[in-house]
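In what follows, a structure is listed as structure tokens, so that the remarks can point back to it.
Protein chains get the first letters and strands the later ones, always in sequence-line order, with residue 1 at the start of each. Heavy atoms only: backbone and side chains are in, while hydrogens, waters and symmetry mates are out.
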Amino acid sequence: MTEFNPIEFESKWQAKWSDANAFHSDYAPGQEKFFIIFAYPGISGYLHVGHMRGFTYADVLARYHRMQGRSVLFPAGFHASGLPATSLAKRVARQDEKTMTYLRKNGCPEDVLAKLGDTDQVIKYFSGVYVEDYWKKFGFTIDYQRAMTTISPGYQKFIQWQFHKLEERNLLVHKPHVAPFCPNCGPIAVDASMTDVSKGGNAQILEFTALKFKDDEGNIWPAATLRPETVFGVTNMWLNPNVKYQKIKIGDETWIVSPEAAQKLSFQRDNVEMLEQIQGTDLIGGELTVPVTEKKVLILPGDFVDPAVATGVVMSVPTHAPFDWAALLDAQKVAEDLQSQYGIDPEAVRSIEVITLIHTSKSKSDNPARDICDRLGVKSQTDHDLLEQATQEIYKDEFHSGVLNDACGEYAGTRVSQVKDTLREDFIYKGVATPFHEFSEQVVCRCDTPVVIKKVPKQWFIKYSDEDLTWKTKDHAEMMNIVPKEYYNEMPNVLDWFSDRACIRQGSWLGTEFPFEENWIIEPISDSTLYPTYYIPSKYVNKGKLDPSEMDNRFFDYIFLGMGNPTEWGVGDDKVELYNQIKADFDYWYPLDINLGGKEHKTVHFPVFLMNHCAILPGNKWPRGIFVNWWVTMTGGEKIAKSKGGAEPIPEAIEKYGVDAMRLYYCHVGSAHLDIEWEQKIVLHYRSRLRKIWDMVHDALENEADVENEIDQWLISKFNEHRTKVLKFLSEMDIRNAANEVYFNIYHTFSWYNKRGGQNTKILKKMYAEWIKTMAPITPHVAEELWERIGGEGLVSTTEIPAAGEVDKKVLVQEGYVVDLLDDIRNIMGLLKDKPSKAILYTTPQWKVDVLNEVLSIKRDDPEAKKFDMGAVIKKFMGTPGMEPYREDIPKFVGTLTKMFASITPVELEQKSIQFDEFDYIASAKEFLEKELECPVEVYRADGEDIPDPQGKSKQAQPLRPAILVQT
RNA sequence: GCGGGGGUACCCGAGCGGUCAAAGGGGCAGGACUUAGGAUCCUGUGGUCAGUCCUUCGAGGGUUCAAAUCCCUUCCCCCGCACCA
């Protein structure tokens, strides 16, 4: 037996494919085409086994379509824009320990490592790694003639053109915005990979509502809150007596806030002027007017007020804020002290009446804050953790199920969740409130300066909220082939939800310069939306035929939109011809058939990919399909992360498992829309699966037996049935089921053929050849190697898989009958204590077949019927000559058919209607049954003469269900 | 909150109105082959039992001749939410 050693033949076939240029995409007018891409990877360092999952699916689909006779375009590129490449270079430059370890662990050579502090080198090196170490080694049928990166000059010209189109279509808007900013370094990115920050990479920008409380002098005391609706329940204010408050001038208003807040405001507002500071203690005991309600309330001391959080000015709503409730109780307890310290009338403190605003289904009384403090055992305002928990609970409950009551004026009777935004907008519109932005946690820049939120006066957005565009895109998405279907259903909602997106930024990252504003770079999501179009001209750029300098707006207008006429450009005949060729190419390949990407793209990349196509290109160029794949996780469902060492480096994995085993693993271990766990053992299992198949095929190669047998016909029909399924699954992008059919079900069919004594090597080799074709999309290396060994011509990868051949249903039913019979006998034998000495089978008597056929024909005549006239059927057969001996059995048997009659499916009806002689068929399978059961088998017709029937079993025989007697 | 998904046998998971006691893997048990096996093959893996029966698909109701699959109620779990790819 030839040893199964994938490593030996994998590189051999990769070289042959490459030498033959087998997968170059051919412009082939008249021939059907298929255009697929996977979302190009960002250059972020080494990839892991999870990335290969999606890439593999794309290759499987590309290979399948190629083997269906289509001209296939499967290009690939690199998304170098944005942070990842820069981030990696920066980390190498500062010799970040984790990064260095990770690079070395993945086998980065030291001389390369020394250069990776430079972003260009990072891009150059890793794009090489992706192609040579991953994609080629995985046998992907990518057309590398078209490879491109998003920071190449040609691509940048293309992106600029795209933005001109967006501008022309009124889809670029600008408005004020806020963004993270380091006072020392300028605009920076707050992201989880911590490129620019040393702390707070996961921080979010929270949008508070600052309510403008006023004192008698007209000074504004902004209390920033996430719950503006509670303004109706304010009973007092809290200031920290130990803090020196800062008076500032904003426009023509004077504000009083904590010094930290004054600092933050100076970035969020124009013209902020610092005035004097006032000790908190001096402010306690004063009165402020509540906005909206115009009520006067007292300022009380609150030690818990953190000057670093929000504005340092806190409004108190004791019924709905546990902190406020606890603090108010404390204050009331020490009312006398407050008098001596701050001159506050103790009676005024004690008489503060709480106001209830919100009622929920869980409300027990009119003071939910008190209820929850009692329940959790809060003793004072110092029980910080408990109060935090209480706040969370109350907030959640009241937000979800709360309804505002009569204390809330015009908003009474509305749900908190519904009215919150409206109410906030109303307040801002009326001038009693204003937005205030704050990080959810502290963020510190790499230079150790705390990061602030800075107002960007003129931020450009792509107007994804555009109604017409949204409507158009949703309409189109409905006609698209989007898998899984869950995502298809979700897509309209995602498109509705998608609002304007900031599309440019300043600071250090890679990308294309924004054409309408200097020193702004287009943001990486926005420069990767329409890009599949660029794979068409990229081939000409790569070949040196097309220069970026000539790729101006009129060029792209012509090739992508068919606008203009190159003959009028005065560029010479050669160029005109070239442009026409590129345009023809584009018209041939576009639209894109499948855009394949991971689940992380569901709410970002895919929607903008669709919307930009719909915004810019004509309707006949809009994408046809999206395929989303889920992730590979570490054992236990944990996300693969570089910080945790990642999974096995890909080159090592390839060597250990073999590429095809990995490909099969991805395709079969779980559906594409499910996270799968990376487990060595399982991958090895798939390797041994391939080895079994390898051995099976080699058996036939080494076997010269050439015995014809009835079972041969079954094999052919059964295989054809399998192949029909495989092709159907692949056409539906159900890769998992296709893999199941090819590597498991077909394997079992061949095993059964063997078991049944099939030895027709000629037939077998023919069928194996067909089988190997079906393997080629998923495990191409094994397929090529077996194809060659079995004497196939040329490359199997470029051979067509024929649409399925004929299926003889009768043959399939007959053999299925034996399978069921064997099962039943085994079932009975399993119940016996002793070893069986003989199995006697009684096939159905003819009269039962006749009765059954009569009933089936009634069903055929009226497939909707649930009942049939039993009396008529019984009568008919009772009167038939020769039926006398069965007079007692007829009604009983007819009775058993009623249930079947009601529930039979069309498929079953067809199967049951197929006629064959059961006795003859079992008799021919007798030897096989004896071998399988390891005991003698006798077969009789239940209505035969003088048959041995010691236990009267023969009466139980039914069509397709022989009676069985096992003797011990 | 908004949006989406889900609860299936020991585990992972397929099925999404009838061919369902429920695919495929894994685990476990028995057998075969073996110097041995963590290799491979076969068989079994809800209950009952000489097979066509009974009880199961988070819980409770309902529709239907027929429900894991459809409808309602309810409990629980997971994921995404933006300038970050």
Side-chain angles (χ1 to χ4, degrees), chain A residues 39 41-42 44 79 81-84 177 179-180 189-193 195 201-202 204-205 396 399-400 415-418 420-421 459 461-462 464 484 486-487 489-494 496-505 523-526 528 598-605 608 630 637 668-671 673-677 679 681-682 685-686 688-689 691-692 695 736-737 739-740 743-745 751 755 816 820-821 823-832 866-867 896 898-909 911-912 932 951 953 956 958 961-966 968:
Chain A
S44 59
H79 195 205
S81 322
L83 290 168
H177 195 55
V190 173
D191 77 316
S193 69
T195 308
N202 290 311
Q204 297 193 324
I205 295 180
K396 208 174 166 189
F399 185 78
H400 295 177
R415 301 188 78 89
V416 175
S417 53
Q418 280 167 5
K420 194 170 200 121
D421 289 342
Q459 171 68 57
F461 294 81
I462 297 177
Y464 291 118
E486 288 83 357
Y487 185 51
N489 295 335
E490 191 182 354
M491 183 58 93
N493 299 308
V494 175
D496 271 337
W497 160 85
F498 217 95
S499 57
D500 298 349
R501 184 179 178 91
C503 59
I504 55 173
R505 63 156 278 177
E523 173 274 332
I525 296 295
S526 306
S528 55
K599 68 174 179 180
E600 70 278 16
H601 295 305
K602 285 202 295 175
T603 51
V604 186
H605 168 66
V608 296
W630 265 234
H668 186 260
V669 75
S671 15
H673 54 279
L674 198 77
D675 286 342
I676 54 177
E677 286 184 8
E679 243 187 284
K681 215 174 85 180
I682 307 281
H685 178 85
Y686 283 104
S688 69
R689 187 87 226 165
R691 209 205 57 242
K692 281 185 210 174
D695 289 347
R736 199 202 122 93
N737 269 319
N740 198 237
Y743 299 90
F744 292 87
N745 295 346
S751 296
K755 250 189 186 176
D820 289 346
L821 176 63
D823 249 19
D824 280 348
I825 304 173
R826 279 207 171 112
N827 195 346
I828 292 168
M829 285 184 169
L831 300 170
L832 298 176
K866 300 293 174 197
K867 285 178 188 163
T896 63
T898 54
K899 202 176 160 191
M900 177 280 290
F901 189 88
S903 66
I904 192 168
T905 60
V907 179
E908 282 178 303
L909 182 61
Q911 285 175 359
K912 282 195 200 280
E932 283 296 308
Q951 292 183 29
K953 288 279 175 196
Q956 291 177 8
Q958 285 181 27
R961 205 84 211 219
I964 300 163
L965 173 65
V966 178
T968 52

query: Is any side-chain N or O of A:S671 closer than 4.0 Å to OP1 or OP2 of B:A14?
result: yes
field: Position toward the 5' end of RNA chain B (nearest nucleotide), A:H668 or A:P84
entry: A:H668
Under-4.0 Å side-chain N/O to phosphate OP1/OP2 contact, A:N493 with B:G4: yes
message: Please tell me if A:H685 has a side-chain N or O lying less than 4.0 Å from either OP1 or OP2 of B:G26.
response: yes
field: Base of B:G80 and ring of A:W497 stacked, centres under 5.5 Å, planes under 30°
entry: no
query: Under 4.0 Å: is that the gap between some side-chain N or O of A:K692 and OP1 or OP2 of B:C41?
result: yes
query: Which nucleotide in the set B:G27, B:C83, B:C84 lies at the smallest distance from any side-chain heavy atom of A:L83?
result: B:C84
field: Nearest-nucleotide pick for A:A189, side chain only, options being B:G13, B:C42, B:C84
entry: B:C84
- prompt: Does OP1 or OP2 of B:G25 have a side-chain N or O of A:R736 closer than 4.0 Å?
  reply: no
message: Between B:G80 and B:G38, how far apart are the two P atoms, rounded to whole Å?
response: 41 Å
query: Looking at B:C84, B:G3, B:G51, which one has an atom nearest to any side-chain atom of A:R501?
result: B:C84
message: Can you tell me which nucleotide in B:C83, B:U40, B:G51 comes closest to the side chain of A:N827?
response: B:G51
field: Of the listed nucleotides B:C83, B:A85, B:U40, the one nearest the side chain of A:H79
entry: B:A85
message: Side chain of A:L674, heavy atoms from C-beta onward: which of B:G6, B:A14, B:U52 has the nearest atom to it?
response: B:A14
